[in-house]
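Have a look at the structure below, then the notes.
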Amino acid sequence: MELFAFLSHPIWFFTFVLLVIILRAKRKGPWNPRQCKKDLTGKTAIVTGANTVGIGKMVATDLARRNARVILACRSKERGQKALTEIREQTGNRNVTLAILDTSSLSSVRTFVERILQEEKRLDILVNNAGASGLPHSITPEGFEKTFATNHLGPFLLTNLLLDLMKHSLPSRIVFVSSFIHTKGVINIKHLKGEELHDLHISEYYNCTKLMNLVCSNELARRLEGSGSICVFLNHTN
């Protein structure tokens, strides 16, 4: 239903079709993740936003198929539980769990991290995939603009709070999933609190958050250089 509503809007439908055409044009050949035989037994991974059809769920499924312990970090318990059941059935991996996380709420992020630090002895892979676009302008109870909190502040805090655990699980990997649309974004710290947004259309909020993701991941990669942890920025159109 959500996908149908998304595609029913003419602009989004045109963008979707254009993206498919670009992807097909840029593909150099078929890629099958199952051709990679890498086994992840003994590794633990967190994938945010893994409860709906898309990158997050596909990544979580692939990691589970490789025998990793996978934690689905999802905002919706109902949709998360459905994804959990499907991934377990598809992969045969029972070591897939669900934890509630709303990246628009820094309180939720802290609660999630507290649980992880209490229950997990290691964290090898963190995939910051959760994000949203087209949200109506609103300010969270913590005083941040919701799109900016969901797409950038939440993942930024999550990553930094889990960093020590990942440094004790070397070699570890941090992935920020973003978009080519970051090229149309601008960075203004005041945007985080919903200020000075009068020159931006609501759809442009997303562009700015993706640029913030890029800058954040590049700086983190620089700081982690030589530590055994690697931070990468994944453009989902490539």
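Since we're looking at a predicted model, the values are computed, not measured. Numbers here are sequence positions counted from 1.
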Working to the nearest 0.5 Å, report the span between CG of Asn213 and CG of Leu220.
12.0 Å
From the options Leu63, Ile71, Val47, select the one residue that forms a side-chain contact (heavy atoms from CB on, under 4.5 Å) with Ile125.
Leu63
Euclidean distance, Asn93 CG relative to Thr61 OG1, rounded to 0.5 Å
10.5 Å
Donor-acceptor contact present, side-chain Arg88 to main-chain Val96, <3.5 Å:
yes
Under a 4.5 Å cut-off applied to non-hydrogen side-chain atoms, are Asn67 and Thr91 in contact?
no
Can a salt bridge be assigned to the pair Glu219 and Arg222 using a cut-off of 4.0 Å between side-chain N and carboxylate O?
yes
Looking only at atom types and distance, does a side-chain atom of Asn151 sit under 3.5 Å from a main-chain N or O of Lys210, one as donor and one as acceptor?
no
Got a second to check how far Thr103's OG1 is from Asn128's CG, nearest 0.5 Å?
9.0 Å
What distance do Leu162 atom CG and Leu158 atom CG have between them, rounded to the nearest 0.5 Å?
5.0 Å
Take a 6.0 Å sphere around CZ of Arg122 and say whether it holds more than 12 heavy atoms from other residues, nucleotides or ligands.
yes
Return the minimal non-hydrogen interatomic distance between Pro155 and Ala149, and the atom names on each side.
CD-O, 4.0 Å
Only one of Ile87, Thr48, Thr97, Ile46 clears side-chain contact (heavy atoms from CB on, under 4.5 Å) with Leu72; which?
Ile87
Test: Lys82 and Glu78 ion pair at under 4.0 Å:
no
Ion pair Arg69/Glu120, N-O distance below 4.0 Å:
yes
Mind listing the closest non-hydrogen atom pair of Leu224 and Lys167 along with its distance?
CD2-CE, 3.9 Å
Residues Arg115 and Leu98: closest non-hydrogen pair is NH2-O, 3.3 Å
List the atom of Asn51, the atom of Ser76, and the distance in Å for their closest heavy-atom pair.
ND2-CB, 4.3 Å
Specify whether Tyr205 and Phe148 have parallel, tilted or perpendicular ring planes, treating 30° as the upper limit for parallel and 60° as the lower limit for perpendicular.
tilted
What are the two closest heavy atoms between Ser108 and Asp102, and how far apart are they?
OG-N, 2.9 Å
Just how far is it from atom CG of Leu106 to atom CD of Glu142, taken to the nearest 0.5 Å?
4.0 Å
Main-chain N/O of Leu214 paired with Ser217 side-chain donor or acceptor, under 3.5 Å:
yes
